**Student:** 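My questions all concern the structure below.
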There are 2 protein chains.
Amino acid sequence: MIHNNIYFQIELTARKIRQYGQNVLRSHGIDITIEQWLVLNVINDNETTNQIFIGEKLVKDKPTISRMVNQLGKKGFIIKTSSSSDSRQVSLSISKKGKTLIHNLQPIIEGIRLKGLQELSEKESQHIKSILNKIQKNLDT
Amino acid sequence: MIHNNIYFQIELTARKIRQYGQNVLRSHGIDITIEQWLVLNVINDNETTNQIFIGEKLVKDKPTISRMVNQLGKKGFIIKTSSSSDSRQVSLSISKKGKTLIHNLQPIIEGIRLKGLQELSEKESQHIKSILNKIQKNLDT
DNA sequence: TATTTTTAGTTGTCTAGCTAACTATTTTTA
DNA sequence: TAAAAATAGTTAGCTAGACAACTAAAAATA
């Protein structure tokens with residue numbers, strides 16, 4: 001049966017996490033997606049980063065990053081300029097509005113995180129990460 | 001760091017599974033997506049099912065099922081008629097072409113499954129499913 | 001029985017993810 | 001140094017997932 005299939009459960013859990021998180025953000029009237037928040041965070045942790053770097057961190061392809069960066073720009077959370085050293089590259093940084101958002105989001109995101117991980121022991125957390133990693137490695141080769 | 005985040009790893013693993021599976025299907029020249037294959041399987045296991053039932057099994061919403069069923073119909077893998085007892089409902093069944101596809105896909109899908117689960121013990125398989133289930137339940141309430 | 005409510009399915013609109021094809025720079029190398 | 005190859009990013013086209021709004025038919029209820 002499909003519900004006993006590990007792949008199905010991984011994919012379903014991923015969807016439920018995204019959906020729950022998105023609902024919480026919406027309930028706070030915050031105009032950003034979970035995925036966009038991840039991008040914003042990479043930029044926040046690495047000022048003047050380019051899009052390739054974000055893609056490597058988040059393991060997403062160039063078009064996906066390009067579009068999410070555009071969204072974040074439209075919403076005024078980031079500033080996108082051309083790199084002075086290499087004009088192929090962009091240079092991304094957080095705007096004031098973006099900094100405020102990140103600040104306000106911290107406790108909300110932490111709340112989402114804790115909600116899903118309730119009653120998961122440290123051992124279980126480590127274990128699931130190691131198993132997921134094993135599956136990923138199996139599929140990489 | 002994001003790579004140490006359980007949610008990120010769950011979502012990433014889900015993407016890698018889909019991507020690997022899709023590549024294998026493509027390499028066999030098979031014109032179907034992993035998600036469509038799941039729908040096809042539910043129909044195969046439950047002849048004359050309707051779309052609500054598929055949605056319940058796969059935990060997907062009505063528009064998503066509606067569109068995937070349409071794709072499978074266009075490709076000639078299923079036959080969609082109106083239910084005689086309730087004309088709101090559709091009645092879905094597998095075509096000959098669909099049956100052939102399912103038959104040919106069995107070993108390929110099994111190969112994909114085994115590839116990812118290499119060196120996972122039965123205990124680990126059970127464990128990850130129980131942890132994923134715990135996370136899902138945490139988010140449901 | 002007439003009206004209201006529920007149910008099954010579709011359509012529209014948006015975001016994300018993927019592939020492929022493209023432009024425009026920068027780097028390699030012949 | 002001129003031509004070829006690699007790199008950063010964008011655009012286009014597709015599927016899936018989510019939400020909202022809709023149609024049409026069935027079921028409930030007053």
Side-chain angles (χ1 to χ4, degrees), chain A residues 8 11-27 30-40 48-56 58-75 78 80-92, chain B residues 8 11-27 30-40 48-56 58-75 78 80-92:
Chain A
F8 181 80
E11 199 268 339
L12 179 55
T13 310
R15 268 192 287 137
K16 287 198 170 178
I17 291 167
R18 182 167 4 98
Q19 208 169 347
Y20 175 79
Q22 205 61 59
N23 284 341
V24 170
L25 295 189
R26 195 181 12 255
S27 77
I30 292 167
D31 178 30
I32 197 172
T33 67
I34 298 286
E35 284 79 14
Q36 287 168 16
W37 175 77
L38 288 174
V39 172
L40 199 62
T48 76
T49 183
N50 66 5
Q51 296 184 184
I52 293 285
F53 181 81
I54 299 173
E56 280 165 1
L58 301 183
V59 197
K60 295 182 198 282
D61 65 5
K62 293 189 292 175
T64 299
I65 301 297
S66 174
R67 281 167 181 130
M68 285 195 287
V69 162
N70 271 355
Q71 292 299 322
L72 290 171
K74 267 189 201 166
K75 292 175 182 174
I78 62 169
K80 182 175 171 182
T81 52
S82 191
S83 163
S84 50
S85 57
D86 184 340
S87 64
R88 287 172 306 182
Q89 295 182 35
V90 298
S91 174
L92 302 169
Chain B
F8 181 79
E11 199 269 337
L12 179 55
T13 309
R15 267 193 288 137
K16 288 200 169 177
I17 291 168
R18 182 168 3 99
Q19 211 169 341
Y20 175 78
Q22 207 60 61
N23 285 341
V24 171
L25 295 190
R26 194 180 12 255
S27 76
I30 292 167
D31 177 30
I32 197 171
T33 66
I34 297 288
E35 284 79 14
Q36 286 168 17
W37 175 77
L38 289 175
V39 172
L40 199 61
T48 76
T49 184
N50 65 6
Q51 297 184 184
I52 293 286
F53 181 81
I54 300 173
E56 282 165 0
L58 301 182
V59 196
K60 297 183 198 282
D61 67 3
K62 292 189 292 174
T64 299
I65 301 296
S66 175
R67 281 167 182 131
M68 285 196 287
V69 162
N70 271 354
Q71 293 298 322
L72 290 172
K74 267 189 201 166
K75 292 175 182 175
I78 61 170
K80 181 175 170 181
T81 52
S82 190
S83 163
S84 50
S85 56
D86 183 340
S87 64
R88 286 171 308 183
Q89 294 183 34
V90 298
S91 175
L92 303 169

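The sequence lines fix the lettering, A, B, ..., with proteins before strands; numbering per chain opens at 1. Keep in mind it's a predicted model, so treat the numbers as computed, not measured. Note that these values count all heavy atoms, side chains included, but never hydrogens, waters or copies made by symmetry.
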**Student:** Does the side-chain contact (heavy atoms from CB on, under 4.5 Å) test come out yes or no for B/L72 and B/I32, once each step is laid out?
**Tutor:** CA-CA 8 Å; B/L72 290 172; B/I32 197 171; 4.0 Å; yes
**Student:** Where do B/V59 and A/F8 come nearest, in terms of heavy atoms and distance?
**Tutor:** CG2-CZ, 4.3 Å
**Student:** Among A/D86, A/N50, A/T81, which residue satisfies the side-chain contact (heavy atoms from CB on, under 4.5 Å) criterion with A/S91?
**Tutor:** A/T81
**Student:** Mind running side-chain contact (heavy atoms from CB on, under 4.5 Å) on B/R15 and B/L12 for me, showing each step along the way?
**Tutor:** CA-CA 5 Å; B/R15 267 193 288 137; B/L12 179 55; 3.8 Å; yes
**Student:** Reading DNA chain C 5' to 3', which nucleotide is the first, and which the last, to come under 4.0 Å of any heavy atom in chain A?
**Tutor:** C/dT15 to C/dT26
**Student:** Which pairs, protein N/O on one side and nucleotides 3-7 of chain D N/O on the other, fall under 3.5 Å?
**Tutor:**
residue: D/dT7; atom: O2; partner: A/R88; partner atom: NH1; Å: 2.9

**Student:** Does A/L25 reach the side chain of A/T33, with side-chain heavy atoms less than 4.5 Å apart?
**Tutor:** no
**Student:** Quick one: the dot-bracket string of DNA chain C, using Watson-Crick and G-U wobble pairs with both distances under 3.5 Å, [ ] for crossing pairs and | for bases paired to another strand.
**Tutor:** ||||||||||||||||||||||||||||||
**Student:** Using whole Å, report how far CG of B/L38 lies from P of D/dA16.
**Tutor:** 10 Å
**Student:** Roughly, in whole Å, what's the span from CG in A/D61 to P in D/dA12?
**Tutor:** 16 Å
**Student:** By nearest nucleotide on DNA chain C, pick out whichever of A/S87 and A/K75 is the more 5' one.
**Tutor:** A/K75
**Student:** In residues 15-27 of chain A, which residues come under 4.0 Å of DNA chain D by heavy atom?
**Tutor:** A/R15, A/Q19, A/N23, A/R26
**Student:** Considering every strand and a 4.0 Å limit on heavy-atom distances, what is the contact class for B/T64: base, sugar-phosphate, or nothing?
**Tutor:** base
**Student:** May I have the step-by-step check of side-chain contact (heavy atoms from CB on, under 4.5 Å) for A/N70 and A/K74, ending in yes or no?
**Tutor:** CA-CA 6 Å; A/N70 271 355; A/K74 267 189 201 166; 5.6 Å; no
**Student:** Looking for any heavy atom pair under 4.0 Å, which part of the strands does A/D86 touch: base, sugar-phosphate only, or nothing?
**Tutor:** sugar-phosphate
**Student:** Specify the closest pair of heavy atoms between A/S82 and A/S87, including all atoms of both residues, with the distance to one decimal.
**Tutor:** OG-O, 3.8 Å
**Student:** Output the rounded distance in Å from CD (B/Q51) to P (D/dT23).
**Tutor:** 19 Å
**Student:** Decide yes or no for B/L40 and B/Q36: does some side-chain heavy atom of the first lie under 4.5 Å from some side-chain heavy atom of the second?
**Tutor:** no
**Student:** So do the side chains of B/E11 and A/I17 get within less than 4.5 Å of each other, counting heavy atoms only?
**Tutor:** no
**Student:** Nearest heavy atom decides the nucleotide; on that basis, is A/V69 or A/E11 closer to the 5' end of DNA chain D?
**Tutor:** A/V69
**Student:** Go through D/dT11, D/dT15, D/dC19 for me and flag the one nearest to the B/T33 side chain.
**Tutor:** D/dT15
**Student:** Distance check needed: D/dT10 C1' versus A/L92 CG, whole Å only.
**Tutor:** 14 Å
**Student:** Nearest whole Å is fine: how far is D/dA25 P from B/N50 CG?
**Tutor:** 17 Å
**Student:** Kindly write out the residues that satisfy side chain to side chain donor-acceptor pair (under 3.5 Å) with B/Q22, not counting sequence neighbours, or none if the list is empty.
**Tutor:** none
**Student:** Write down the distance between CD1 (B/I34) and C1' (D/dG17), rounded to a whole number of angstrom.
**Tutor:** 17 Å
**Student:** I'd like to know if A/K62 reaches the base of D/dG9 with its side chain, counting only an N/O donor and acceptor under 3.5 Å.
**Tutor:** yes
**Student:** Is any side-chain heavy atom of B/L58 closer than 4.5 Å to a side-chain heavy atom of B/T64?
**Tutor:** no
**Student:** Evaluate the criterion side-chain contact (heavy atoms from CB on, under 4.5 Å) for residue pair A/V39 and A/E35; output intermediate values, then yes/no.
**Tutor:** CA-CA 7 Å; A/V39 172; A/E35 284 79 14; 6.0 Å; no
**Student:** What residues, two or more places apart in sequence or in another chain, satisfy side chain to side chain donor-acceptor pair (under 3.5 Å) together with B/R26?
**Tutor:** B/N23
**Student:** Between atom CG in B/L58 and atom P in D/dA16, what is the gap in whole Å?
**Tutor:** 12 Å
**Student:** Return the 5'-most residue of the pair B/P63, A/R67 with respect to DNA chain C, ranking by each residue's nearest nucleotide.
**Tutor:** B/P63
**Student:** From A/F53 CZ over to A/I65 CD1, what is the distance, rounded to the nearest 0.5 angstrom?
**Tutor:** 11.5 Å
